[in-house]
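The next block holds one structure in the form of structure tokens; read it before the comments.
Residue numbering restarts at 1 for every chain, and letters A, B, ... go by the order of the sequence lines.
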Protein chains: 2
Amino acid sequence: MNKSDYLAAFLRKLESITELSAPERQALLDLPVSLKRFEANVDIVSEGEITLQCCLVLEGLVCRYKLVNSGERQIMSLHIPGDVPDLHSLHIEKMDHSLGTLTPALVGFIPHEAVRRMTRSSYKVSEAFWREALIDAAIFREWMVGIGRRSAPSRLAHFLCEFVTKMEAVGLSNGVICELPMTQTEIGDALGLSTVHTNKKLRELRAARLIELRGRRLKVLDWNGLCELGEFDPTYLHLRK
Amino acid sequence: MNKSDYLAAFLRKLESITELSAPERQALLDLPVSLKRFEANVDIVSEGEITLQCCLVLEGLVCRYKLVNSGERQIMSLHIPGDVPDLHSLHIEKMDHSLGTLTPALVGFIPHEAVRRMTRSSYKVSEAFWREALIDAAIFREWMVGIGRRSAPSRLAHFLCEFVTKMEAVGLSNGVICELPMTQTEIGDALGLSTVHTNKKLRELRAARLIELRGRRLKVLDWNGLCELGEFDPTYLHLRK
DNA sequence: CGACATTTTGAGTCAGCTCAATCAGTGTGG
DNA sequence: CCACACTGATTGAGCTGACTCAAAATGTCG
């Protein structure tokens with residue numbers, strides 16, 4: 001795999017939400033990227049840091065999180081290959097949260113400098129990135145609604161629907177089966193639930209024959225049932241097609 | 001009050017987060033705005049609509065919300081004079097949530113057309129708006145942490161700290177006293193709490209001499225105590241100064 | 001003075017939490 | 001191949017923060 005294969009994941013992601021012209025695509029492929037591997041459960045960028053580069057997830061699963069004083073963690077978003085989870089650092093230098101790995105990961109770093117040069121030379125690219133930030137925000141809102149107003153089983157169902165949909169959009173799932181390399185504690189941290197409760201409700205989803213979940217592998221047995229339970233409507237993901 | 005007085009609120013808001021040059025300021029003041037009044041508790045834009053204009057809050061309090069099937073509401077953000085709560089509609093046409101008034105409000109509408117012309121002619125303005133969207137997202141994240149991982153009293157305290165801070169940034173509070181024209185039901189909807197529980201915990205904050213809250217008027221008696229209880233750290237608001 | 005919206009209170013219930021084991025899967029070294 | 005260590009999944013037994021229901025008190029405004 002060479003550099004443009006890596007950037008291809010990024011392109012694929014961008015094109016799942018926006019249309020790009022050939023020169024724009026080329027400009028993106030020409031971005032300078034330096035690669036770095038991380039093991040599982042380490043920070044890529046920590047809260048409070050000032051960054052001079054954006055990071056691009058190439059392999060693995062990455063999350064955005066914050067810790068509260070009691071020591072509990074809230075995971076605020078998940079990032080799969082193709083995502084640039086800290087594009088916002090381009091305009092907001094100081095991180096108000098951390099970015100960490102959930103699995104071993106391969107990450108590409110692109111200097112702000114280079115990204116800014118590109119967004120300033122093409123308003124199309126600039127608007128594509130802006131749009132990407134807006135979709136991120138839409139996902140935050142949807143999670144907020146879930147945490148604030150949905151029951152644990154519904155939240156769980158919604159979470160799984162969203163994950164499969166996002167994985168499918170970048171070709172990492174067929175819509176039925178995908179890798180879900182998170183522990184139940186981590187899933188709970190994303191949904192504002194305790195580990196024990198997450199376990200019990202996950203068990204119920206299996207008992208209801210909505211899903212199969214063994215080890216890191218998720219299989220959706222009843223997509224409609226899962227969507228209904230989670231009140232999942234993918235509009236907020238604003239995917240093309 | 002004439003048109004540029006209205007746009008001045010918007011400018012003030014933008015300048016609380018970004019620096020603008022004189023020509024940029026002028027271009028913003030030249031934007032075409034049409035005014036409309038709304039009574040309390042009505043939608044300005046509803047979920048599912050496709051919009052061709054951005055709305056600018058000039059007077060009153062506006063919120064972004066979503067309803068879930070059980071009929072419960074989650075308020076996802078509050079918008080005070082100077083805010084453009086649906087700037088995102090510029091790049092995401094279909095609303096995935098509603099925008100409604102909490103009080104009678106005066107709203108200005110600016111055609112997407114005009115905004116887009118301006119953002120495309122000045123990358124500074126474009127980046128200012130982008131930055132604004134990123135700050136919105138940061139606030140969503142912070143609310144998510146609160147709803148997911150903080151106790152009711154802590155959430156309440158955090159909410160009040162944030163509200164006063166935002167009001168102060170646009171000159172609508174002196175940091176101690178401000179209008180908070182929301183019912184306890186609405187505050188609960190913003191925090192993912194029931195009305196009754198909101199009432200009881202608010203009462204506790206008063207009993208602890210942290211705040212005074214009568215009618216629509218909030219007075220902070222013990223700012224440090226309130227911040228501590230709410231674990232309030234304003235970094236995520238990314239205000240200048 | 002109504003009529004209506006909002007706040008407050010009390011009582012009882014329950015979803016989700018904590019604590020404390022136990023079980024299962026995986027990897028390691030001998 | 002087995003014993004041990006470690007991580008993650010599961011279970012059971014309370015506990016409690018937050019919820020619902022219902023009613024009373026208070027405020028607001030034409």
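- Heavy atoms of B/Arg206 sit under 4.0 angstrom from primed sugar atoms or phosphate atoms, though from no base atom.
- Shown here are the side chain to side chain contact (heavy atoms under 4.5 Å, CB included) partners of A/Asp222, two or more places apart in sequence or in another chain: A/Leu210, A/Asn224.
- In the helix from C/dC1-D/dG30 to C/dG30-D/dC1, the rotation axis of the first five pairs and that of the last five pairs differ in direction by 40°, rounded to 10 degrees.
- Contacts of B/Arg216 with the nucleic acid, taken as non-hydrogen atoms under 4.0 Å apart, involve only primed sugar atoms and P, OP1 or OP2.
- Residue B/Thr195 is classed as having no contact, given no heavy-atom separation below 4.0 Å to the nucleic acid.
- Without hydrogens or angle criteria, B/Glu142 side chain to B/Tyr236 main chain gives no donor-acceptor distance under 3.5 Å.
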* Go through the steps to decide whether B/Arg149 and A/Asp189 satisfy the test salt bridge (Lys or Arg N to Asp or Glu O under 4.0 Å), and finish with yes or no. => CA-CA 9 Å; B/Arg149 293 298 188 201; A/Asp189 283 347; 2.9 Å; yes
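- Remark: the A/Glu72 side chain and the A/Ser70 side chain contain an N/O donor-acceptor pair separated by less than 3.5 Å.
- Protein chain B contacts DNA chain C from C/dT6 to C/dA11, reading 5' to 3' and using non-hydrogen atoms of the protein with a distance under 4.0 Å.
- As rounded to whole Å, 14 Å separates atom C1' of D/dT11 from atom NZ of A/Lys201.
- Each of B/Leu58, B/Val33, B/Ile44 was evaluated against B/Val107; a single residue qualifies, B/Ile44, per the side chain to side chain contact (heavy atoms under 4.5 Å, CB included) test.
- Residue contacts shown for A/Leu202 are absent, as no nucleic acid heavy atom lies under 4.0 Å away.
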